Amino acid sequence: MGRKVKNLKLMMKNIAEDIKTVLEFYQAMGIERIPLNTIQDTGYKTQDKKSHASCILHHASALNSQQKRDALQALRDEIGDCQRCKLSKGRKNIVFGEGSVDAEIMFIGEGPGEDEDLQGRPFVGKAGQLLTKLIEKMGFKREDVYIGNIVKCRPPGNRDPEEDEISACSPFIKKQADIISPKVVVSLGRVSTQTLIGVKIPIGKLRGKFYQFENIPLMPTFHPSYLLRNPKDKWLVWEDAQKVLEKIKE
Ligand code: URA
């Protein structure tokens with residue numbers, strides 16, 4: 001057998017072993033099915049003629065800053081005075097999201113709390129102050145990154161958003177991520193992480209490792225509200241943040 005054939009066989013054996021290791025890892029984490037994202041389906045279908053934002057989004061990765069601003073505004077217009085789910089009944093303001101359209105890092109939380117509902121801005125309460133500190137410790141200003149949530153209206157009494165509310169609202173934050181095309185998405189807490197990567201594994205098991213969200217690396221970490229209750233775990237979030245900083249340098 002020629003040397004080339006032997007090398008090829010060895011390479012294929014290594015690849016097969018790598019795949020086996022990865023599958024065993026997924027299995028150990030309780031993942032039973034893996035979606036095959038062979039074609040990147042952004043969900044922005046041409047039949048959605050009403051949506052100006054959707055049309056722009058087909059070319060999101062090629063958008064310049066002004067086009068991104070326009071696409072976000074078109075998306076905000078599409079949301080309008082949203083009544084798509086029951087959270088609309090109790091809200092004071094829709095919290096669309098804010099930050100730089102050219103952000104390298106996008107933070108995605110769960111949903112607005114009381115302060116956010118009152119001000120119409122994400123992460124402005126106590127948890128938000130902690131998030132802002134983290135952003136600054138990472139060497140950015142809050143305005144340099146983009147911050148949004150899975151649901152844009154406050155769940156009553158700060159309960160977790162329910163499945164129907166998440167299904168109605170989460171397509172919008174996914175479109176925002178597509179428009180902004182950050183180098184990394186950081187998902188804050190269980191609801192955000194499970195929604196974006198589509199698995200029901202506890203955040204403690206998911207955090208600290210990169211996953212793929214659309215075509216963007218996603219780092220799950222603990223939610224700042226959790227850190228307010230468990231400050232001893234702040235160092236873990238700092239570890240995750242350092243991996244994010246490494247990733248954006250690549
Ligand atoms: N918690 C969140 O998940 N999002 C906010 O905007 C505020 C608190």
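Nothing here was measured: the structure is a model prediction, and the numbers come from that model. Read the numbers this way: they start at 1 and go in the same order the structure lists the ligands and their atoms.
- Protein heavy atom closest to atom 5 (C) of ligand 1, with residue, atom name and distance, is G111 O, 3.5 Å.
- Among protein heavy atoms, atom 4 (N) of ligand 1 sits closest to N149 OD1, 2.8 Å.
- Side-chain contact check for R207 and T221: no donor-acceptor pair (N or O, by modelled atom type) lies under 3.5 Å.
- Within the 4.0 Å heavy-atom cutoff, H223 counts among the residues contacting ligand 1.
- Side-chain rings of F123 and H223 approach one another, their centers coming within less than 6.0 Å.
- Look at E214 and K174 and you find no salt bridge, because none of the NZ, NE, NH1 or NH2 atoms lies under 4.0 Å from a carboxylate O.
- Of the N and O atoms on the side chains of Q66 and D70, at least one donor lies less than 3.5 Å from an acceptor on the other residue.
- Between the side chains of S187 and T193, at least one donor N or O lies within less than 3.5 Å of an accepting N or O.
- Polar contact with ligand 1: present for E110 (N/O pair, distance under 3.5 Å).
- Interface of P122 with ligand 1, defined as ligand atoms under 4.0 Å from a residue heavy atom, comprises 6 (O).
- Heavy-atom contacts of G109 reach the following atoms of ligand 1: 3 (O) (cutoff under 4.0 Å).
- Annotation: A127 places no N or O atom under 3.5 Å from an N or O atom of ligand 1; distance criterion only.
- Nearest heavy-atom pair across L131 and P224 is CB-CG, 4.1 Å.
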